[in-house]
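Before any comments, here is the structure.
Below, each value reflects all heavy atoms present in this structure, side chains not excepted, and no hydrogens, waters or symmetry copies. The shown structure was predicted, so the numbers you read here are calculated from the model rather than taken from an experiment.
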Amino acid sequence: MPPFGCRAALRLLPPLLLLRVVLPVPLERGESKEESTATESPVSGPALLSSQDTGLYYHRYLQEVINVLETDGHFREKLQAANAEDIKSGKLSRELDFVSHHVRTKLDELKRQEVSRLRMLLKAKMDAEQEPNVQLDHLSLLKQFEHLDPQNQHTFEARDLELLIQTATRDLAQYDAAHHEEFKRYEMLKEHERRRYLESLGEEQRKEAERKLEEQQRRHREHPKVNVPGSQAQLKEVWEELDGLDPNRFNPKTFFILHDINSDGVLDEQELEALFTKELEKVYDPKNEEDDMREMEEERLRMREHIMKNVDTNQDRLVTLEEFLASTQRKEFGDTGEGWETVEMQPAYTEEELRRFEEDLAAREAELTAKAQRLSQETEALGRSQGRLEAQKRELQQAVLQMEQRKQQQQGHNAAAPAPGPEGQLKFHPQNTDDAPVPAPAGDQKDVAASEKRVLEQAPELPQLDSQHL
């Protein structure tokens, strides 16, 4: 029985091999398999998975579940003995009841963390789409995530493993189709922008730009013949130039063993894509202006799909030694005709598709323009409102200042006035008159003297009494 590692982990979820890996597995030219394995440490399943990204929004959760399950001896044995049908049907998931308590505890914690992460994503989404402080029904919202059981948010059960396998199988199987559709839109947008650019130029400038474009396309088409992926010519070229071996001594079985990098007995999609590097280098060079690296990745994907369609007979995304040797016995293995048709020889879209794309693009641009105008108007209205608010603010500040001044004046007046009596009458405090009288003001002294003189003049004369009468 082969040692458990990358192969067993990938058998748990065969579609995990459908990964977004664009860099080929490095191959040392002229280095034998024995030398390579002697100088490099073996790559385990978890280590390999950690360097790859499935592109799924639950990739980390998926990877961590696999890593934890690999640590349980009982589950590992059952996994090695299971076939693809056992995994897909959910039979293997029931073995989860027999794993160790330590493993189950780790799986429970992983699920709680995933549920918490999904809740945060939901809240962020809802906050962006509606008013804040809205009560969310997390149980109902979690049902839209199909890779776990939302009814049980605290423990990892057999149902969770079954849902995880089924959802990943479905989602990853749709990756290729989604990638091709994305590439088509990219090509149509590139052509749309090219046409708009040419329309914006004058006649002479447009002719010069078209001439330059045709020259770039001509240079791009001038490349060596590209061999059909998986053909005898293509494999022999790898055997000679990458492996440094005699092409006259080509041996398919030895070739398979050399390129089974992790020695798991199968060629996965990453190992297969590494075989296409030489063919891709014939057509694409990142230093050349005319070579589009996005097209190179589409080319890589098309080559892998060709191999899987013609060599992977059971469509499990893995090429076994038996499948590989059987493909070398077919007529197509040696008869490749004129070679591989590259991307530019097979347009990704039709003129009708481009027309519909441009119409949709124009409608979206018009919608965005209208939205921008509305936002501009709202900005101007907000600016005017801001001006009015600033004016009102200044008026209020002035009014508050005046009130403070009147209040201070009133306090000063109240402090100078005498205090009222018990019944509200004013109380006066006379000054002490025992001392010298208070002189009249200097301005009034003459009036007082004149008044005293008049009083003396008007007074009656009293009879004089002589001493005799007394």
Side-chain angles (χ1 to χ4, degrees), residues 14-27 52 55 172-184 186-187 220-221 223-243 250 252 255-256 258-261 266-286 288 291-320 323-328 330-349:
L16 278 179
L17 294 171
L18 190 57
L19 301 171
R20 286 186 177 176
V21 180
V22 298
L23 296 179
V25 176
L27 296 176
Q52 300 173 343
L172 290 171
Q174 299 173 354
Y175 166 73
D176 284 353
H179 187 280
H180 290 312
E181 186 63 27
E182 182 181 354
F183 176 74
K184 178 190 291 187
Y186 167 77
E187 289 288 292
H220 179 68
R221 289 191 297 266
H223 54 73
K225 176 184 176 181
V226 180
N227 295 312
V228 176
S231 65
Q232 184 180 37
Q234 190 257 323
L235 298 182
K236 277 189 175 183
E237 192 171 290
V238 174
W239 174 275
E240 178 181 7
E241 299 192 18
L242 292 182
D243 301 334
F250 174 75
F255 182 92
F256 183 94
L258 281 173
H259 294 277
D260 180 14
I261 305 301
V266 295
L267 296 180
D268 59 42
E269 294 183 348
Q270 188 182 14
E271 292 167 334
L272 287 172
E273 288 183 355
L275 304 178
F276 311 146
T277 302
K278 184 62 181 177
E279 303 302 321
L280 294 171
E281 288 177 349
K282 296 177 181 179
V283 186
Y284 301 97
D285 186 348
N288 294 338
D291 296 338
D292 190 336
M293 295 299 102
R294 184 77 174 268
E295 292 181 358
M296 184 186 73
E297 295 310 319
E298 175 70 8
E299 199 78 74
R300 191 193 304 274
L301 176 58
R302 291 175 63 241
M303 289 180 172
R304 174 170 57 77
E305 288 178 329
H306 177 81
I307 290 286
M308 288 302 178
K309 179 180 178 181
N310 294 279
V311 181
D312 180 23
T313 54
N314 62 357
Q315 299 297 306
D316 63 352
R317 303 276 180 177
L318 300 170
V319 176
T320 63
E323 291 173 332
F324 182 78
L325 295 178
S327 69
T328 63
R330 300 191 185 101
K331 177 183 178 182
E332 296 82 5
F333 181 68
D335 183 12
T336 57
E338 298 181 356
W340 177 256
E341 293 186 355
T342 54
V343 168
E344 71 272 6
M345 301 172 67
Q346 295 183 350
Y349 57 88

How close do [X] and [Y] get, heavy atom to heavy atom, and via which atoms?
X      : Y      : value
Val228 : Gly339 : CG2-C, 3.8 Å
His220 : His223 : O-CD2, 3.1 Å
Arg300 : Thr277 : NH1-OG1, 4.4 Å
Pro229 : Trp340 : CD-CE3, 3.3 Å
Thr328 : Pro252 : CG2-CB, 4.0 Å
Tyr284 : Glu344 : OH-OE1, 4.3 Å

Worksheet entry | Student check: side-chain heavy atoms of Glu295 and Glu187 closer than 4.5 Å | yes

Discussion item. Is the shortest side-chain heavy-atom distance between Met308 and Leu272 below 4.5 Å?
Written reply: yes

Rounded to the nearest 0.5 Å, what separates atom [atom1] in [X] from atom [atom2] in [Y]?
X      : Y      : atom1 : atom2 : result
Glu273 : Ile307 : CD    : CD1   : 11.0 Å
Met296 : Asp291 : CE    : CG    : 9.5 Å
His179 : Glu182 : NE2   : CD    : 6.5 Å
Gln232 : Asn227 : CD    : CG    : 10.5 Å
Leu301 : His306 : CG    : NE2   : 13.5 Å
Phe324 : Leu267 : CZ    : CG    : 6.5 Å

Within the side chain of [X], is there an N or O that forms a donor-acceptor pair under 3.5 Å with the backbone of [Y]?
X      : Y      : answer
Asp260 : Phe256 : no
Glu279 : Phe276 : no
Glu271 : Ile261 : yes
Arg330 : Asn310 : yes
Gln234 : Leu275 : yes

Worksheet item: So does Lys309 pair up with Asp176, basic N to acidic O under 4.0 Å?
Response: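 No salt bridge links Lys309 with Asp176.
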
Discussion item. Whether Arg302 and Glu299 form a salt bridge (side-chain N of Lys/Arg under 4.0 Å from carboxylate O of Asp/Glu) is what I want to check.
Written reply: yes

Fill in: Qualifying salt bridge (charged side-chain N to carboxylate O under 4.0 Å, His left out) pairs with a residue from residues 223-239, counting only residues at least two apart or across chains
Glu237-Lys282

Worksheet item: Does one side chain, of His259 or Asp243, offer a donor that lies under 3.5 Å from an acceptor on the other?
Response: yes

Worksheet item: Can you check side-chain contact (heavy atoms from CB on, under 4.5 Å) on Asn314 and Glu323, steps first, answer last?
Response: CA-CA 9 Å; Asn314 62 357; Glu323 291 173 332; 3.0 Å; yes

Worksheet item: More than 12 foreign heavy atoms under 6.0 Å from CD of Gln346: is that the case here?
Response: yes

Worksheet item: Arg304 pairs by salt bridge (charged side-chain N to carboxylate O under 4.0 Å, His left out) with which of Glu297, Glu298, Glu269?
Response: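 Among Glu297, Glu298, Glu269, the one that satisfies the salt bridge (charged side-chain N to carboxylate O under 4.0 Å, His left out) with Arg304 is Glu269.
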
Item to complete: Applying side-chain contact (heavy atoms from CB on, under 4.5 Å), run through Val226 and Met345 and close with a yes or a no.
Response: CA-CA 12 Å; Val226 180; Met345 301 172 67; over 6 Å; no

